[in-house]
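Just below is one structure, and these are the notes that go with it.
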Protein chains: 2
Amino acid sequence: MREVLDRIGDKWTVLVISTLGDRALRYSDLLASIPGISQRMLTLTLKALERDGLLVRQAYAEMPPRVEYELTDLGRSLQEAVLQLAQWAAGNHGAVASNRALHDRIGVGRAKSAAGGSRPAE
Amino acid sequence: MREVLDRIGDKWTVLVISTLGDRALRYSDLLASIPGISQRMLTLTLKALERDGLLVRQAYAEMPPRVEYELTDLGRSLQEAVLQLAQWAAGNHGAVASNRALHDRIGVGRAKSAAGGSRPAE
DNA sequence: CTGAATCCCATGGGATACTG
DNA sequence: CAGTATCCCATGGGATTCAG
């Protein structure tokens with residue numbers, strides 16, 4: 001459990017995994033598709049993922065050079081689990097937001113049930 | 001997607017969520033059940049989770065004081081998604097470890113297939 | 001285009017001590 | 001017991017620059 005967190009706990013890892021669907025993407029594609037990520041973080045994240053066998057790096061000796069990254073079967077299996085979280089987020093971030101707003105407005109103590117705010121969507 | 005990560009991306013949040021099963025736990029229980037967490041981090045994490053309606057805090061005016069934390073329905077729905085990850089970790093951390101070992105030993109470039117190392121378990 | 005290397009600062013988070 | 005407050009350092013990570 002602790003191990004998965006040292007792997008997933010890093011947000012960039014999750015973003016790369018979820019961005020990399022079933023298709024292979026180039027370095028520059030990933031850089032553009034993940035808003036806010038820096039070259040440094042993308043490179044480090046890709047290396048770590050390749051090291052763990054979650055994705056493979058394919059370099060083509062062309063001009064200009066082209067490098068593609070693609071999830072392995074192992075990586076895709078992790079992606080599925082990650083997608084569960086994404087779906088949860090999509091379905092419940094509204095409830096979370098309203099709970100937060102209520103909690104902040106009322107102050108600590110009385111935020112018991114925000115009109116179904118604490119009930120999951122899915 | 002980015003929002004879920006600012007919530008899940010923090011390892012302590014995930015550990016608290018997964019530790020808090022269907023039962024309510026006291027502050028000291030959580031502190032003991034989550035190896036490595038500090039008082040500070042536990043407190044901050046609990047506050048954030050309560051704020052978002054993922055758990056409720058129940059204080060009993062006794063001596064000595066007792067405070068229990070329990071997941072809300074919303075929190076439990078998130079926990080299910082988190083458990084998917086935990087199961088993935090349990091089933092595949094071996095494959096990840098062998099991939100990593102192979103990658104480190106061989107050096108970059110040739111770690112193609114570690115005897116099924118890149119194939120998911122579940 | 002795909003990186004590697006360096007600089008440097010913000011913050012995450014541990015240790016410790018104090019309070020209700 | 002259940003926190004809160006403070007100190008303080010390690011690291012995460014952005015910006016920038018250089019290289020193949």
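By convention in this document, chain letters (A, B, ...) are assigned in the order of the sequence lines, proteins followed by strands, and residues within each chain are numbered from 1.
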From CD of B:E62 across to C1' of D:dA2 the rounded distance in Å is 13 Å
Test your reading of the model: is there a side-chain donor-acceptor pair from A:Q58 to the backbone of A:E68, 3.5 Å cut-off?
no
Is there a donor-acceptor pair closer than 3.5 Å between any side-chain N or O of B:N99 and the backbone N or O of B:A95?
yes
Regarding A:Y69, tell me which of base, sugar-phosphate or nothing describes its non-hydrogen contacts under 4.0 Å with the strands shown.
sugar-phosphate
Any carboxylate oxygen within less than 4.0 angstrom of a Lys/Arg side-chain nitrogen, looking at B:R51 and A:D104?
yes
Between B:R57 and D:dG3, is there a contact of a side-chain N or O with OP1 or OP2 at under 4.0 Å?
yes
First encountered from the 5' end of DNA chain D, between A:P65 and A:G36:
A:G36
Is any side-chain N or O of A:S38 closer than 4.0 Å to OP1 or OP2 of D:dG13?
no
In this structure, how many angstroms lie between the P atom of C:dG20 and the CE atom of B:M63, rounded?
14 Å
Roughly how many Å is it from CZ in B:R66 to C1' in D:dC1, rounded to a whole number?
12 Å
Rounded to whole Å, CH2 of B:W12 lies from P of C:dG13 at a distance of 8 Å
What is the distance, to the nearest angstrom, from the CD1 atom on A:I37 to the P atom on D:dA15?
12 Å
Mapping B:R26 and A:M41 onto DNA chain D by nearest heavy atom, which one lands closer to the 5' end?
B:R26
Would you indicate what A:K47 reaches in the nucleic acid, counting non-hydrogen atoms under 4.0 angstrom: base, sugar-phosphate, or nothing?
sugar-phosphate
No-H, no-angle donor-acceptor pair, A:Q39 side chain to C:dA4 base, under 3.5 Å
yes
Are the side chain of B:Y27 and the backbone N or O of B:R66 linked by a donor-acceptor pair below 3.5 Å?
no
Take the protein atom CZ of A:R40 and the nucleotide atom P of D:dT17, then report the distance between them rounded to whole Å.
17 Å
How many whole angstroms separate atom OH of A:Y27 from atom C1' of D:dG20?
14 Å
Separation between CZ (B:R26) and CD (B:E70), nearest 0.5 Å, reads 14.5 Å
Between C:dG14, C:dA4, C:dC1, which one does the side chain of A:T43 approach most closely?
C:dA4
Round to the nearest Å and state the distance from B:L15 atom CG to C:dG13 atom P.
11 Å
